[in-house]
Each structure stands twice: as structure tokens, then as C-alpha cells.
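Here is the structure we will look at.
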Amino acid sequence: MTPTKAVFRFAPSPNGELHLGHAYSALLNHAMARAAEGRFLLRLEDIDKARCSLAFERQIEDDLAFLGVDWDEPPRRQSEHFADYAAALEALADEELIYPAFMTRGEVRAFAERFEEEEGRPWPRDPDGAPIYPGLDRHASTAEREKRMSEGERFAWRLDMERAIECAPALAWEETGASPSGDTGEIVARPLEWGDVVLGRQDMPTSYHLAVIVDDGLQGVTDVVRGRDLFYATSVHRLLQALLGLPAPRYHHHPLILGPDGRKLSKSARDTSLRSLRAAGLAAEDIRRMVGLPGRADAEMLSRTGRSATG
Ligand code: GLU
């Protein structure tokens with residue numbers, strides 16, 4: 001039997017310019033795909049149409065071409081596939097795994113602050129540091145939900161996390177990179193830490209978590225290579241894959257490139273954007289060196305001799 005060809009993807013959001021951190025992620029991803037003789041896909045995660053633009057998309061494609069990163073089929077633009085995410089959301093609704101939640105993020109924050117003031121102990125937070133949704137609307141009656149929705153009250157579709165875990169307990173994934181604290185190998189998923197995550201909104205049938213696993217499934221992605229800042233979110237991704245009957249890819253969470261201040265680079269920090277580095281005259285080889293990857297010629301030589309060029 002011939003083994004399935006590996007499929008890798010780089011999935012930036014076109015809501016700003018790529019920086020050195022993206023360059024590292026794209027180059028590593030691409031090198032791993034080519035070393036595995038696999039396919040390499042580009043996906044544009046543009047569900048937030050208000051913040052994404054075609055100009056950023058063009059800049060991303062141009063920067064990747066400059067780096068020597070090529071992709072094997074036309075990029076998948078998430079904003080063109082809302083029907084796929086709506087179908088997944090519908091499947092979860094059919095299993096009564098999601099519910100409309102009417103508290104806004106601001107109200108959740110205020111709730112947590114009030115709790116902490118009154119009780120003198122911390123309200124639980126998710127791995128990104130945001131207060132966990134208190135779940136006040138989780139057990140509302142159908143009549144009440146319908147009334148509030150028909151009155152036009154804003155809501156988000158949230159996953160009923162406890163129910164979801166009952167349906168898909170004991171999940172794990174294969175990690176070939178590492179968590180921020182160095183865990184690698186078989187990682188036990190801990191989705192409960194995230195509480196009832198948002199999977200859609202009244203005007204958008206998806207969230208990042210849902211779109212990313214639907215696309216990885218539809219595109220047959222076997223290997224997800226991305227930054228360690230998404231390590232903990234993988235627990236939610238594994239759970240959604242299990243609930244929707246999608247296969248689990250292998251994951252490789254790589255270290256983040258930090259700025260001189262030791263913080264994660266941001267899309268608004270112009271000095272490390274690839275566009276400005278290119279404008280300052282840097283070549284692709286310079287960028288590879290800045291992110292700690294071997295030069296192209298060295299990388300090719302290493303891969304010919306069968307050694308890893310990606311560290
Ligand atoms: N679109 C996400 C980002 O730009 C990456 C998602 C992923 O690789 O899973 O951070």
C-alpha cells in the first residue's frame with residue numbers, strides 16, 4: 001500500500017503584513033513539506049472581512065514568493081466557504097452541542113471582575129488569559145432563546161463544553177514540536193480549560209476554531225506546522241475534529257520569533273514586516289539567517305544527505 005502523501009498548509013490571516021515570525025513559520029512549513037515529498041497549501045484565513053483586505057492578500061503572496069515559498073494549488077480563501085462552516089455548525093446544533101449565548105465578551109469580563117471583587121478569589125481564565133464564559137445561558141429554555149433571538153438580541157453560538165467532552169472523551173494528538181513548557185510526543189487534550197468557546201455568531205457561521213478544523217479536514221491536511229501560541233488551542237481543535245468525525249493531523253508547534261523586547265512580534269510593528277525589510281534591501285537569504293534557518297543552498301545539501309535542514 002502506498003502511504004498517503006503528506007499535506008502541509010500555511011494559513012495566515014490577511015489582516016496585516018507578514019513579519020519575521022510568519023517568515024519562519026512559512027519557511028519551516030514549506031521545508032518540512034518538501035522534505036516529506038508532500039503537498040504544500042496556502043490558506044487565507046479571512047473570515048473577519050472587516051479587518052482583512054485584498055491588498056494584504058497580495059502582499060502575503062508576494063512576500064512568500066520572494067522567500068521562495070511556492071504552493072501547490074490556488075489558495076483557499078475562507079470567506080468563500082461559509083457554507084462549509086455553516087454545515088459543520090448545523091451538525092453540532094443537531095447534536096445539541098451548541099447554544100446561543102447572549103453575554104458579550106465585555107459582559108463576561110465585567111462578570112469576572114465583579115466575582116473577583118466580591119469573592120476575593122480569581123475567576124477561571126482560559127489558556128489565553130481571557131475569563132471563562134460563566135455559562136449563564138447554557139440551560140435557557142428553547143422558548144426564551146427563541147424570544148431573545150427574534151427580538152434581535154446579539155448572540156454567539158457557544159459549544160456546550162461539558163456535553164461535548166462527554167461525547168468525545170479521552171482525546172490526544174501527536175506533537176512533533178513542543179508546548180511552551182517543552183511537552184512533546186503524545187499530548188492529552190484538555191479542552192475543558194477553554195470553557196464554552198465561541199463557534200459562530202449571528203452574522204457569521206464560524207469562528208477561527210471551527211473554520212480551521214473544517215478546512216484542515218476538507219483539504220486533507222496531515223501535518224499542521226504553526227507557532228507555539230496555538231499549542232493550547234489544539235485541545236479545542238482535537239475535540240471539534242472528534243465531534244465532526246474529522247481525522248486528526250499531526251501537529252508541530254514551533255518556537256516564536258521574539259522581538260528585541262522579548263515579546264511576540266505583532267502585525268502592527270512595522271519594523272519587522274517583510275515588506276519593510278525587503279524595502280531596506282534585505283534578500284531572502286538574509287531573512288532565513290535572521291530567523292535561524294540554514295541558507296537555501298545549505299538546506300538543499302542537508303536534505304540531499306538525508307539530514308534535517310529544519311532543526
Ligand atoms: N490564521 C492563524 C494565524 O494567522 C493561523 C491558524 C493556524 O495555523 O492554525 O495566526
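Indexing begins at 1, ligand by ligand and atom by atom, following the structure's order.
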(message) Taking the ring centre of each residue, are H30 and F10 less than 6.0 Å apart?
(response) no

(request) Starting from atom 3 (C) of ligand 1, find the nearest protein heavy-atom neighbour and note its residue, name and distance. (result) A11 O, 4.0 Å

(request) Provide the number and element of each atom of ligand 1 under 4.0 Å from a heavy atom of E45. (result) 1 (N), 2 (C), 5 (C), 6 (C)

(message) Can you tell me if R9 contacts ligand 1 (heavy atom of the residue under 4.0 Å from the ligand)?
(response) yes

(request) Check whether any heavy atom of F10 sits under 4.0 Å from an atom of ligand 1. (result) no

(request) Check ligand 1 against R226 and write out every atom of the ligand that is under 4.0 Å from a heavy-atom position of the residue. (result) 7 (C), 8 (O), 9 (O)

(request) Identify, by atom number and element, the atoms of ligand 1 in contact range of S13, meaning under 4.0 Å from any of its heavy atoms. (result) 1 (N), 4 (O)

(request) Please report which non-hydrogen protein atom sits nearest to atom 10 (O) of ligand 1, along with the residue it belongs to and the distance in Å to one decimal place. (result) L230 CD1, 4.4 Å

(request) Kindly say whether the aromatic ring centers of Y133 and W194 come within a distance under 6.0 Å. (result) no

(message) Which label fits Y85 and F82: parallel for a plane angle under 30°, tilted from 30 to 60°, or perpendicular past 60°?
(response) perpendicular

(message) At less than 4.0 angstrom from any non-hydrogen atom of V212, what atoms of ligand 1 do you find?
(response) 9 (O)

(message) A87: which residues meet the side chain to side chain contact (heavy atoms under 4.5 Å, CB included) condition with it, sequence neighbours left out?
(response) none

(message) Could you measure the distance from the CD atom of E117 to the CH2 atom of W123? Nearest 0.5 Å is fine.
(response) 14.5 Å

(request) Determine, for F66 and R278, whether the Lys NZ or Arg CZ falls below 6.0 Å from the six-membered ring centre while staying within 45 degrees of the axis. (result) yes

